[in-house]
Every structure is written in structure tokens, then in C-alpha cells.
There are 2 protein chains.
Amino acid sequence: MTDMHPLDGERIAQLCRAIYDNLREQIYAAAAQEGFVDLRPSHSNVLRHLDPAGSRIVDLAVRADMTKQSMAYLTDALAKLDYVEIRPDPTDGRAKLVVLTPRGHDAVATLTRLSLEAEARIATRLGKAKLDAVRDGLAEIRGVLEKPGQ
Amino acid sequence: MTDMHPLDGERIAQLCRAIYDNLREQIYAAAAQEGFVDLRPSHSNVLRHLDPAGSRIVDLAVRADMTKQSMAYLTDALAKLDYVEIRPDPTDGRAKLVVLTPRGHDAVATLTRLSLEAEARIATRLGKAKLDAVRDGLAEIRGVLEKPGQ
DNA sequence: CTCATTAGTCAGTTAATCTGTCTTTCTGGT
DNA sequence: ACCAGAAAGACAGATTAACTGACTAATGAG
């Protein structure tokens, strides 16, 4: 351990940021090469939280921890790009349902595959056991952070 | 492991994102409460890479992986907030040196401390050994991602 | 049946990036 | 010593992804 810059050391936060940035870049670049050129990282705030039967904007906003205005902006963009369809919720006249189009299903499948492939590449260098241990540790950390007061 | 949403699973990338977001939020909120209300996460793109003798904008830009225009925007903002001083580089008439002010030193020290405190809180729940193992694993992953072709 | 709550929209703002173009300064090769 | 090209930064403008505040329309509980 050479003496490092105060904020640049081996902090969990910095490591997570570097890894996340790298993987996100990798995955969206690969997705672009597979035809999803107009797919942006911010879109995964929608795709990640969409449930199969469709979701309301307000629910997506809560899950993604953003305002409904911001979520509406994202779903609207995805609708224009033919990744989702936005239709009235038959059970509530105020609400809309955001549902994946076939292209949207493709995109989700592709992102999922690319994400798994990226991990597999890491596993070939680290070993599956170690990678699994890191993943478990991260999941535990996330759990701790989500309910801080014990 | 319940069957999860395709993109919402226990992927390393997602875990890193969640953890990084949470820690960043925590740390900058705490910094604000300690008087650094005008300090923003984007500013750490500067602070993290500043070396003690001062750095050139172009070097900071390279280190932070952004354009020099963007870096100039950030350093300018930090200068207006009295975290850094920007002065001519005596060794090169084209260049400027960005150096920390006393307040900037304070900010770096505070962010570093808050960051370490956040990790310490995690350690009390996970155990130091496990946390260290995760950190080592993450560092290894980052290493792999930085030089992908072996 | 009314009124508070909820879902979403509209308008405007801000933060943090980007690209392209320009000026100034430096430097290496002849 | 000169000049051509590289490098450092500035200026102008665009874009993306968020935000807040104020609004409309539909729901549902008492």
C-alpha cells in the first residue's frame, strides 16, 4: 500500500464507483453494438423496475427513487424509442401503465445477458468462488446500508 | 434467492451502484451538516485527483476521465466557493495550477473522515475481516476491469 | 356527495456533462 | 533562430437527466 491521495484510496465507495462506471460503460457500449444505440444508462431506471404486467409511473418513480416528473420524462423517451408502450390503466382513470414492447423485451434480455457476460469475464480472472464471495459481501453491505439503525 | 426481475438481481454492477449511491448520499449529507453545504459529489472529481503541489486542469481532466472544458467548469466552481485557488503555472505560460485553499484542505479531510466513518459503521455490522475481504475483492475486480486483455 | 388524496402534466430551472472552435504558448526539428 | 504542430485553456452553445412548483383530473372514504 503506497501512501495514497486522501480521497483516492481503496475506499469501498470509490471502488464501487469505479467498478460500476466501468461495467455500465462496457454494457451500454456492447448494447449499442447490438443495435440498441439509443439506449442510455438512465433508461435502466425504468427497465430495472418494470414488472411484466406493466407498472405505473408513480410506482416506477418510487422504486427508482426519483420524482414522478423525472420518471415520466424517462418513460416518455422510452416510448418514443419504441422500448415501452404507455397506455391507460383500465383500473384507474388517472393512471397509466408502462409496458415493454417486443423491442423493450429484447433490450432487457440483451442488457441482462451482457451484464452476466461481463461478470463471467471477471470470474475467469478471479475465480467463481471469490467473485461469489464478493457478491455476497456486497449484498450484505447493501442490506446494512438500507436499514442503518439495525 | 427468489426469482427476481431480470435487471434487478444481485449483479455486481447493481450492487456497486446501490452501495455507491448510498454512501455518496450519506457522506455529502454529513459534510453539508458540517458546514460544507455547497460541496457536491461532482466536485470530488477534482478533489480526488488534486495533488498537494497543485495540478493542471488538463491533468485533472485526464485523471477524472472527462473533457478539459468540464474540468475547467468544476475547478472554476470550486474556486468561486473558495475550495481551490487557480493560479498561473510558473513553468508554463499556457497552464494554470489548481491548488487547495485552507477550506479545500478542510473539505478533503472531512470527506475522508466521513468516508472512513461510514466504512467503520459497516464494519461494526459485518465484521472487519469480512469487510476487508470485500474491499480486497473489489480492488481486484477493479484491477481486472482496468486492464481487460490480461 | 363532497373533499382530501392520488396520478400524471405543464412550465421552468439547474447541474454536469458534451462538441466545436478559437487563442496563446510551448517545443522539437531543421 | 524559426516555424509548424502540439498542447493548455477559454468561449460559445447544446444536451441529458435530474429538480421544484403549480396545475388538472380521477378516485375513494366518510
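Reminder, nothing fancy here: chain letters follow the sequence lines and each chain counts from 1. Just the heavy atoms: all of them, side chains too, but no hydrogens, waters or symmetry mates, feed the values below.
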For the pair made of CG in B/Leu60 and P in C/dA16, what is the distance, rounded to whole Å? 16 Å
Could you tell me the separation between the SG atom of A/Cys16 and the CD1 atom of B/Ile141, rounded to the nearest 0.5 Å? 9.0 Å
Write down the distance between CZ (A/Arg40) and P (C/dT17), rounded to a whole number of angstrom. 15 Å
Are any protein N/O atoms closer than 3.5 Å to N/O atoms in nucleotides 27-30 of chain D? If there are, list each pair with its distance.
residue : atom : partner : partner atom : Å
D/dT27  : OP1  : A/Gly93 : N            : 2.7

Spacing between A/Arg56 atom CZ and D/dA26 atom P, to the nearest angstrom: 14 Å
What's the NZ-C1' distance between B/Lys80 and C/dA15, to the nearest Å? 14 Å
Picking from C/dT17, C/dG8, C/dT9, which would you name as closest to the side chain of A/Ala72? C/dT9
Within the 3.5 Å criterion, strictly below it, is a donor on B/Asp59 or B/Ser55 matched to an acceptor on the partner's side chain? no
In whole angstroms, the gap separating C1' of D/dC19 from CG of A/Asp65 amounts to 13 Å
Does any N or O donor sit under 3.5 Å from an N or O acceptor when you compare the side chain of A/Gln69 with the base of C/dG12? no
If I take atom CG in residue A/Leu39 and atom P in nucleotide D/dT16, what distance separates them, rounded to the nearest angstrom? 14 Å
Any salt bridge between A/Arg56 and A/Asp92, counting N to O under 4.0 Å? yes
Would you mind classifying the nucleic acid contact of B/Asp89 as base, sugar-phosphate or nothing, using non-hydrogen atoms under 4.0 angstrom? nothing
Within the modelled atom types, does a donor on one side and an acceptor on the other bring the side chain of B/Lys96 and the base of D/dG9 under 3.5 Å apart? no
Quick one: is C/dC18 close enough that its OP1 or OP2 comes under 4.0 Å of any side-chain N or O from B/Thr67? yes
Minimum heavy-atom separation for B/Gln26 to B/Arg121, with atom names? NE2-NH2, 2.7 Å
Can you find a side chain N or O atom of B/Ser42 that sits less than 4.0 Å from OP1 or OP2 on C/dA15? no
Roughly how far, to the nearest 0.5 Å, is the CD atom of A/Glu140 from the NZ atom of B/Lys130? 3.5 Å
Can you find a side-chain donor-acceptor pair between A/Ser70 and A/Thr67 that sits under 3.5 Å? yes
Rounded to the nearest angstrom, tell me the gap between atom CG in A/Asp76 and atom C1' in C/dG8. 12 Å
Could you tell me how far apart B/Lys68 (NZ) and C/dT19 (P) are, to the nearest whole angstrom? 13 Å
5'-most contact on DNA chain D: A/Met66 or B/Leu97, nearest heavy atom basis? B/Leu97
Is there a donor in the side chain of A/Gln14 and an acceptor in the side chain of B/Arg142, or the other way round, less than 3.5 Å apart? no
